[in-house]
Structure formats: structure tokens, C-alpha cells
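Here the structure is laid out as C-alpha cells; the discussion comes afterwards.
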Amino acid sequence: MTIQSVHTSLFQQGDSLEHFLFRFLPRLKEKDVVVITSKIIALSQGRIVAARSDREKDLLVKQESKKVVATPWFLLGFKDGEWRPNAGIDESNACKKLILLPKEPWRTARNLQKTLKKKYKLKRLGVLITDTRTRPLQKGTIGSVLSFFGFAPFKSYVGKKDLFGKPFKWTRVNLAQGLAAAAGLVMGEGKERTPLAIIKGAHLHFTERFNRISLFIPPSKDIYRFVYGS
């Protein structure tokens with residue numbers, strides 16, 4: 001498997017995302033996965049506001065979240081199936097503004113996949129929209145899935161046997177999150193200007209049957225709820 005980052009011009013608020021992709025993406029082939037950072041999607045949707053006072057920013061986080069929990073550092077907002085610092089509102093690479101997460105990221109991934117399939121005359125293609133996350137009890141950030149379309153997100157080992165013949169009961173590898181983390185390493189977080197990447201040779205099942213419900217679980221069924229009390 002290979003991951004190639006794509007260097008581009010600076011994406012500006014209101015630019016056409018489709019024209020941007022057509023301009024900078026190399027010729028796509030069957031079973032490629034196109035990785036797109038959520039930030040340029042948000043910019044194309046106009047999801048950007050002027051920098052505000054801390055109080056106004058907190059109100060914006062609450063507007064963007066289904067639930068909010070205060071911490072000593074920032075507000076944690078529950079949005080799109082995950083807990084996100086400040087509901088995913090980002091000040092980096094924003095030119096003194098605030099960039100919100102994209103609207104309807106799952107529908108966006110599906111629409112982009114269909115557009116790219118048509119443009120490049122392909123039958124099997126994946127689209128992966130990524131964001132950056134922190135992880136509980138770990139330092140640093142990592143690339144993470146915001147949405148995807150066109151491939152199955154898991155490889156299940158349930159019912160298969162390990163090296164010593166013991167059958168797996170629960171293990172499913174989250175391929176979508178693994179690809180997002182790997183792509184994040186080559187796309188960067190600073191001034192690299194590589195908001196796109198192409199994954200080639202990934203061992204995926206290309207299908208259009210999977211959606212948001214397949215990737216996330218409700219807080220009531222999360223095994224860590226016994227730790228954090230949700």
C-alpha cells in the first residue's frame with residue numbers, strides 16, 4: 001500500500017471544491033482512495049466565522065454540539081458521533097478566523113465519490129474525509145475519520161482462529177480509522193499545503209453499502225462509559 005500526498009495552491013473560502021479536485025488530483029485508478037481534509041470542505045461551504053471573544057466562542061461551540069462538557073482547557077462538544085474539543089472548531093491555518101466542521105460530511109463524501117467516479121470513469125473508488133483528533137490518555141493528535149464512502153470500514157476476525165487455534169470473539173480492525181491516521185502522517189498539520197492524498201493498494205472491500213451508522217456506536221453502548229460516566 002502507498003499513500004501519496006498532493007501539494008496544492010492555498011484553498012480559499014468559497015472556492016469550488018470540485019474544480020480544486022479536478023485541478024490537483026492525479027489520474028485516479030480503480031480501487032484508489034481519495035483522502036480530503038475536512039478543512040477545505042468547510043471552506044468550500046463557507047463554514048467560517050470571524051474570530052470572537054472566548055464567551056462568543058463558547059456559545060458557538062454549544063450551538064454546534066448536541067452536548068457540551070466543560071474542562072479546564074476547553075469545551076468538549078459531542079458532534080457527529082464523537083466528543084471533540086470545541087466541537088471541532090479550528091483556529092489553525094484560519095487567518096484569524098474560526099473554521100467549523102463541514103455540514104453533512106457523510107452526504108458530502110458520497111456525492112464527491114460519485115462525482116469522481118464519473119469524472120475518471122471508475123467503478124470502484126473510495127473517498128475518505130479526515131479531521132484531527134486527540135485520544136483519551138494519550139498526548140498529541142492523530143488523523144481521524146470524519147466520513148467516508150465507497151468501501152467497507154472494517155476487517156472482521158470474528159469466528160476466525162488466532163495463531164494457537166483460539167477463535168476471535170470481538171476483534172474487528174477499523175480500516176477507515178487506520179487509513180485516516182496513516183494519511184495524516186503524509187498530509188501534515190502545518191503549512192505543508194497538502195490537503196489531499198491518494199491511497200493505492202489498500203486491501204479493501206469496495207462497496208457502497210456502508211454509512212455513518214456502521215462506524216460509530218452510541219455512548220450508551222461504549223465500553224468506556226463506565227469510566228467517564230456518560
Over 12 non-hydrogen atoms of neighbours within 6.0 angstrom of NZ in K29: no
Gap separating the CD atom of E208 from the CD atom of Q113, nearest 0.5 angstrom: 4.5 Å
Heavy-atom closest pair, residues D80 and P105: OD2-CG, 4.1 Å
Atom CG of D54: over 12 foreign heavy atoms under 6.0 Å: no
Gap between atom CG of L76 and atom OG1 of T134 - 0.5 Å precision: 7.5 Å
Closest heavy-atom pair and its distance - L122, E30: CA-OE2, 3.4 Å
CD-CG distance between Q45 and L100, expressed to the nearest 0.5 angstrom: 10.5 Å
With sequence neighbours excluded, residues passing side chain to side chain donor-acceptor pair (under 3.5 Å) with Q4: none
Option among I3, T2, V33, L25 that satisfies the side chain to side chain contact (heavy atoms under 4.5 Å, CB included) test with I198: L25
Qualifying residue, where the test is salt bridge (Lys or Arg N to Asp or Glu O under 4.0 Å) with E64 and the options are K57, K103, K79: K79
Nearest heavy-atom neighbours spanning F151 and F148: O-CE1, 3.3 Å
Straight-line distance of Y120 OH to L125 CG, nearest 0.5 Å: 10.0 Å
Other residues, nucleotides, ligands: >12 heavy atoms within 6.0 Å of H7 NE2: yes
Least distance between heavy atoms, M1 atom then A202 atom: SD-CB, 3.7 Å
Spatial distance of atom CE (M187) from atom CG (L196) [nearest 0.5 Å]: 6.5 Å
Neighbour count >12 (heavy atoms, 6.0 Å) for atom NZ, K117: yes
Separation between CG of L43 and CD1 of I48, rounded to the nearest 0.5 Å: 5.5 Å
Derivation and outcome, side chain to side chain donor-acceptor pair (under 3.5 Å), residues R135 and S144: CA-CA 10 Å; R135 296 299 180 195; S144 183; 3.2 Å; yes
Test item: V145 and F216 side chains (from C-beta on) under 4.5 Å apart, heavy atoms: no
For the student: nearest non-hydrogen atoms of R23 and S9, plus distance: NH1-OG, 3.7 Å
Close aromatic pair by centroid cut-off 6.0 Å: Y157 and W170: no
Over all atoms of both residues, closest heavy-atom pair of L204 and A152: CD2-O, 4.5 Å
